[in-house]
Amino acid sequence: MESGDGRGAEVNWAAIRQDFPALATLARGKPLAYLDNAATSQKPAAVIERMRRYWVEENANVHRGVHYRSQLATAAYEGTRVKVQRFLNANSVNEIVFTKGCTEAINLVAHGLAAKGIIRSGSSVLVSTLEHHSNIVPWQLVAERVGAHVLPIPVSDAGELDLDAYRAMFQSAEVAVVAVGHVSNALGTINPVKEIARVAQEQGALVVVDGAQAGPHIAIDVQDLGADFYTLSCHKMYAPTGVGVLYGKLALLNSLPPYQGGGDMIRTVSFDGSTFADSPARFEAGTPNIAGVVGLGETIDYLTCLAGGPVDSRESLVEAMAAVAKREDELYNRTRAEIADIPGINVYGDVPHKASVLSFTTDWAHPHDIGTVLDSHGVAVRTGHHCCQPLMTRYAIAATVRASLSFYNDEADISAFGKAMHVAREMFK
Amino acid sequence: MNPELRDLYQDVILSHSKRPHNFGKLEDATQTSHGYNPLCGDNIRVFVKRVGDRLESVTFEGTGCAISTASASIMTDMMRGLTVAEAETLVEEFKSLVTAGTVADSFEDSDASALAGVHEYPVRIKCATLAWNAIAAAIHGKNETTTE
């Protein structure tokens with residue numbers, strides 16, 4: 001994580017909370033305490049308003065009209081690509097591909113690497129036991145097609161990847177790709193992706209980092225990490241649903257075959273055969289989610305300016321994300337403390353270096369019952385396997401309760417959570 | 001505690017979930033079925049000993065939330081001694097109970113009526129019906145059932 005200069009202390013978080021109109025609503029007649037941010041985040045008013053303005057003032061198709069509105073829409077759409085380049089510190093704007101989500105981005109890479117023969121019969125894709133199903137199943141699908149293997153990097157009891165075991169896997173397998181999450185959605189643990197990438201590349205393997213859960217918490221620098229591919233789930237980082245990002249090193253992207261065929265991705269089309277545009281157009285067949293991408297651009301501006309720095313500045317973004325990390329660490333510790341006096345609570349992934357995700361089971365109630373009690377108090381958490389069944393199997397549990405915090409959560413949210421947890425304990429003990 | 005929550009987690013439900021009846025494997029079962037709810041990870045197995053047309057004994061084992069465990073416990077109590085046709089009717093009546101809150105005569109004064117509150121919680125209906133779907137599957141000789 002990149003460090004800031006302590007500017008986080010100056011941020012008025014109570015005022016920032018006011019930027020999110022959803023947080024002022026009720027849930028089951030109670031003030032909403034939204035602690036399901038790892039599933040999706042609420043949206044700033046500025047983003048909602050920017051999308052409304054797009055629909056009213058700019059809506060037209062992109063990349064093809066000579067008319068006024070099409071130029072406005074194209075400028076807004078392509079303007080976001082530049083913002084994402086800065087957000088990820090990518091080398092070129094052409095390394096940024098918009099997808100409909102993080103899942104599609106991973107599928108695109110898996111498909112492309114198999115079609116190009118990088119993932120081939122007898123080769124292996126290493127994923128980790130911590131992975132979300134969306135960073136397991138796409139690899140299984142292509143592996144099955146070409147006769148490759150998908151092997152899990154083991155995870156410790158504490159929720160950290162076993163790097164010794166990881167290094168050893170290169171001795172016994174022909175590793176084509178290593179695909180790991182930056183931040184675990186189920187536990188919040190932050191994986192040492194820079195070291196993972198270094199080892200993989202030494203061994204000639206490509207590295208795909210699933211950044212779905214990192215985007216809202218960490219200033220990401222794809223060049224520093226050394227990732228060959230990096231993916232974002234934008235709705236988890238305060239942008240609209242239906243937008244994902246695939247970053248890839250430019251030469252690699254341009255070496256992959258298209259994922260889908262259609263409009264916007266071609267150079268020439270004839271019945272003798274078609275030729276394809278370079279990245280990013282090559283991977284953006286059809287009319288994209290223009291409004292969503294425009295909303296993403298506004299979200300990146302919002303995050304960049306969160307700690308008071310100027311817009312369009314990487315330094316400002318890095319400072320803002322450092323302030324976010326500091327704030328979320330405090331909220332996590334406060335939430336953890338709120339249930340510390342309740343007996344029989346087992347926290348998973350309770351390591352120092354983690355994002356603000358509190359994942360736990362209890363000895364006295366099933367996570368779903370706790371989820372229902374919390375819900376009746378207006379507290380939104382996720383209960384279940386979090387699309388991480390291999391991880392649940394690893395810990396021999398069916399499900400956890402997951403409270404995932406954002407910088408916009410406050411003392412009242414955490415108190416509501418604590419109070420509802422004590423009610424649940426009284427009910428089920 | 002708010003009344004809706006109290007309605008869902010009545011004492012009779014909590015009591016069944018903490019100390020389920022007929023819990024354990026039935027060694028001389030003639031039929032068995034596995035019920036799995038992928039959403040929650042509720043995972044139970046229902047055992048039936050059928051003699052002629054009657055369900056002589058019904059037990060279950062497994063893990064799940066309070067609603068699925070209580071519902072399984074109540075189901076095993078109610079099914080014992082019924083004919084296959086009666087059991088099938090009861091399963092359908094139970095589904096109406098938890099999806100629409102309709103209390104059939106069979107459930108008057110029974111612990112099952114305490115599960116009527118589930119119909120206010122659509123995401124929990126599958127928890128309540130799991131064991132009932134499992135016994136229906138067992139009766140029909142299917143050994144797997146899921147909520148999906």
Side-chain angles (χ1 to χ4, degrees), chain A residues 26-31 33 36 39 133 137 186 344 348 359-402 416 419-429, chain B residues 1-20 23 34-45 60-74 98 114-131 146-148:
Chain A
L26 300 179
R28 305 208 186 276
K30 307 279 169 39
D36 195 18
H133 296 164
V137 181
Y348 292 85
S359 198
F360 62 95
T361 60
T362 71
D363 298 341
W364 38 267
H366 188 281
H368 265 62
D369 294 313
I370 293 174
T372 295
V373 175
L374 295 182
D375 175 54
S376 77
H377 289 76
V379 181
V381 296
R382 171 85 187 266
T383 61
H385 54 58
H386 316 297
C387 300
C388 290
Q389 288 184 358
L391 183 66
M392 299 292 114
T393 304
R394 163 68 177 82
Y395 290 132
I397 53 180
T400 73
V401 181
R402 181 186 72 183
K419 180 174 170 243
M421 280 298 299
H422 282 84
V423 169
R425 165 65 184 166
E426 282 310 303
M427 271 177 82
F428 295 112
K429 73 178 179 186
Chain B
M1 190 187 309
N2 65 41
E4 297 80 23
L5 194 60
R6 196 68 253 179
D7 208 37
L8 181 65
Y9 292 109
Q10 296 180 33
D11 287 340
V12 59
I13 302 298
L14 293 173
S15 163
H16 272 283
S17 74
K18 288 170 191 170
R19 286 170 296 279
F23 189 82
H34 176 233
Y36 177 57
N37 178 352
L39 180 72
C40 327
D42 293 340
N43 202 346
I44 64 166
R45 182 167 281 282
F60 81 104
E61 64 177 16
T63 57
C65 64
I67 302 296
S68 72
T69 303
S71 183
S73 171
I74 292 166
V98 294
L115 285 164
V118 171
H119 87 277
E120 302 280 359
Y121 293 83
V123 297
R124 306 304 301 275
I125 290 170
K126 288 175 176 179
C127 310
T129 54
L130 184 64
T146 80
T147 57
E148 295 305 291

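In what follows, chains carry the letters A, B, and so on, assigned in the order in which the sequence lines appear, proteins first and then strands, with residues in each chain numbered from 1.
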Please state whether the side chain, the backbone, both or neither of B/Ile67 comes within less than 4.5 Å of a heavy atom of chain A.
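When you check distances to chain A, atoms from both the backbone and side chain of B/Ile67 fall under 4.5 Å.
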
Identify the two heavy atoms, one from [X] and one from [Y], that lie closest to each other, and give their separation to 0.1 Å.
X: B/Lys18; Y: A/Met427; value: NZ-O, 3.1 Å
X: B/Leu8; Y: A/Thr372; value: CD2-CG2, 3.5 Å
X: B/Asp42; Y: A/His366; value: OD1-NE2, 3.6 Å

Euclidean distance, A/Asp369 CG relative to B/Ile13 CD1, rounded to 0.5 Å
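Spacing of CD1 (B/Ile13) from CG (A/Asp369) equals 11.0 Å.
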
Name the member of B/Gly64, B/Ser68, B/Ser17 that forms the most heavy-atom pairs with chain A at distances under 4.5 Å.
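If we count pairs closer than 4.5 Å to chain A, B/Gly64 comes out on top.
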
Please state whether the side chain, the backbone, both or neither of A/Lys419 comes within less than 4.5 Å of a heavy atom of chain B.
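Looking at A/Lys419, nothing touches chain B.
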
Best-contacting candidate, A/Arg28, A/Glu426, A/Lys30, A/His368, against chain B by heavy atom pairs under 4.5 angstrom
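Heavy-atom pair counts peak at A/His368.
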
